[in-house]
J.: 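Have a look at this one.
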Number of protein chains: 2
Amino acid sequence: MNNNQQFEYLLKRHQLKRTEPRLRVLSLLSAKSVATSQPDLESVIGDVDRVTLYRILSAFEEKGIIHKVFDLNGTANYALCSSDCAEHDHHDEHLHFNCTSCKKVYCLDDLDVQPVKLPAGFKVETFSLSATGLCPKCNNKEA
Amino acid sequence: MNNNQQFEYLLKRHQLKRTEPRLRVLSLLSAKSVATSQPDLESVIGDVDRVTLYRILSAFEEKGIIHKVFDLNGTANYALCSSDCAEHDHHDEHLHFNCTSCKKVYCLDDLDVQPVKLPAGFKVETFSLSATGLCPKCNNKEA
DNA sequence: AATAAAATGCAATAATGTTGCATTTGCGGT
DNA sequence: ACCGCAAATGCAACATTATTGCATTTTATT
């Protein structure tokens with residue numbers, strides 16, 4: 001099963017129609033290990049309306065196909081959820097690393113994050129740990 | 001020493017001039033336990049230019065007087081750093097709780113967050129744990 | 001009181017995100 | 001293979017949040 005077939009299956013599974021723009025978004029996001037900003041997506045996706053892109057992204061987010069994180073500029077970035085995220089309940093307990101230099105957001109899935117006890121009254125849905133600093137690339141450049 | 005004197009001292013300590021708009025910002029932020037969004041500040045601060053507000057906030061952020069977090073809408077929210085934050089190095093290792101209903105951001109300072117080991121190459125400056133869910137107020141309303 | 005540096009206000013503009021509506025398209029049923 | 005409907009798209013207009021340049025005012029210091 002190639003990538004494209006996987007994407008089509010993914011759409012079908014979530015009752016989303018198989019459209020060109022959606023396949024492109026999936027293909028773009030799956031190609032990157034860092035979260036991609038809306039503007040970045042917009043600039044590379046080609047002939048797709050800005051509004052359509054917004055709507056695709058929020059549809060995907062609702063279905064649990066992707067998740068959204070904000071970078072240090074406050075702009076939305078998107079990344080595919082790890083494989084089993086859609087089946088169970090959207091668990092984003094991974095670490096987001098925000099690079100202060102290039103502003104990229106890295107999703108580091110396989111670190112275990114200790115859940116923390118909150119004061120009474122708060123009802124927690126998801127946890128996520130985020131760190132800021134320099135990513136390997138920018139760290140090298142500065143050295 | 002009353003509040004206002006504290007604020008004036010704080011400004012002086014950071015080589016910032018004592019101005020009316022700055023004192024108002026400090027006073028507004030110190031009165032709240034939740035982070036305040038730029039729009040919220042703008043609407044209550046009175047006769048201060050929008051641009052001035054932005055500049056005050058970023059000046060305060062640079063000096064380590066306040067810190068900035070993004071809420072679930074991606075808009076910037078600001079909160080005073082806890083007392084000793086300015087002296088040492090800006091340590092925001094506290095938990096931010098984002099309410100999915102009212103979109104407020106709560107800063108919960110006194111929970112201990114376990115730092116996590118990152119893959120080699122990343123140079124971490126700050127950690128912060130964030131959780132999403134319902135805050136006590138909204139939790140009550142829904143029940 | 002005079003001065004220099006800093007802070008403010010205003011105008012213009014940029015970037016990001018949203019809404020309403022007409023048109024097109026995917027896809028299930030026949 | 002065709003029909004029809006719901007869903008998705010594209011377009012236009014608009015809303016919100018943030019930034020930049022420059023003239024004016026204010027603070028703090030001498």
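All values below were derived from every heavy atom in this structure, side-chain atoms included, with hydrogens, water molecules and symmetry-related copies excluded.
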J.: B:Gln38 CD to C:dT16 P: how many Å, rounded?
T.: 17 Å
J.: From NZ of A:Lys12 over to P of C:dG26, roughly how many Å is that when rounded to an integer?
T.: 14 Å
J.: By side-chain contact (heavy atoms from CB on, under 4.5 Å), which residues pair with B:Val69, not counting sequence neighbours?
T.: B:Ala35, B:His67, B:Asn77, B:His96, B:Val105
J.: Return yes if some donor-acceptor pair links the side-chain N/O of A:Thr52 with the main-chain N/O of A:Val48 below 3.5 Å, else return no.
T.: no
J.: Would you check if the side chain of A:Asn139 reaches a backbone N or O of B:Gly121 as a donor-acceptor pair within less than 3.5 Å?
T.: yes
J.: Here's a test of your reading of the structure: between B:Gly74 and B:Glu20, which maps to the more 5' nucleotide of DNA chain D?
T.: B:Gly74
J.: For a quick check under 3.5 Å, do A:Thr75 and A:Asp71 share a side-chain donor-acceptor pair by atom type?
T.: yes
J.: Given that B:Leu16 and B:Arg50 both sit by DNA chain C, which one's nearest nucleotide is further toward the 5' end?
T.: B:Leu16
J.: In whole angstrom, give the distance that lies between atom CG of A:Leu72 and atom P of C:dA15.
T.: 19 Å
J.: Between B:Tyr54 and A:Val51, name the one whose nearest nucleotide on DNA chain D is closer to the 5' end.
T.: A:Val51
J.: Identify whether the distance between the nearest side-chain nitrogen and carboxylate oxygen of A:Glu20 and A:Arg24 falls below 4.0 Å.
T.: yes
J.: Go through the structure and list residues passing ring pair (Phe, Tyr, Trp, His ring centres under 6.0 Å) with A:Phe97, not counting sequence neighbours.
T.: B:Phe122
J.: Can you figure out which of D:dT20, C:dG20, D:dT17 approaches the side chain of A:Arg55 most closely?
T.: C:dG20
J.: Between B:Lys17 (NZ) and D:dT27 (P), how many Å, whole number?
T.: 9 Å
J.: Rounded to whole angstroms, how far apart are CG on B:Asp47 and C1' on D:dT26?
T.: 15 Å
J.: Five pairs at each end of the helix from C:dA1-D:dT30 to C:dT30-D:dA1: take the axis at both ends and give me the angle between them to 10°.
T.: 40°
J.: A:Asn77 CG to C:dT16 P: how many Å, rounded?
T.: 11 Å
J.: Using a 4.0 Å heavy-atom cut-off across all strands, classify A:Ala76 as base, sugar-phosphate, or nothing.
T.: sugar-phosphate
J.: For the backbone of A:Lys17 and the side chain of A:Arg22, can you confirm whether one donor and one acceptor N or O come within less than 3.5 Å of each other?
T.: yes
J.: Taking CG from A:Leu57 and P from D:dA8, how many angstroms apart are they, rounded to a whole number?
T.: 14 Å
J.: Below the 4.0 Å mark, does C:dT8 have OP1 or OP2 next to a side-chain nitrogen or oxygen of B:Thr19?
T.: yes
J.: Is B:Arg22 near enough to C:dA7 that one of its side-chain N or O atoms lies under 4.0 angstrom from OP1 or OP2?
T.: yes
J.: Could you check how far CD of A:Glu62 sits from P of D:dA8, rounded to whole Å?
T.: 11 Å
J.: Could you check whether A:Thr75 gets within reach of a base, just the sugar-phosphate, or nothing at all, counting any heavy atom under 4.0 Å?
T.: sugar-phosphate
J.: NA contact type, B:Arg18, heavy-atom cut-off 4.0 Å: base, sugar-phosphate, or nothing?
T.: sugar-phosphate
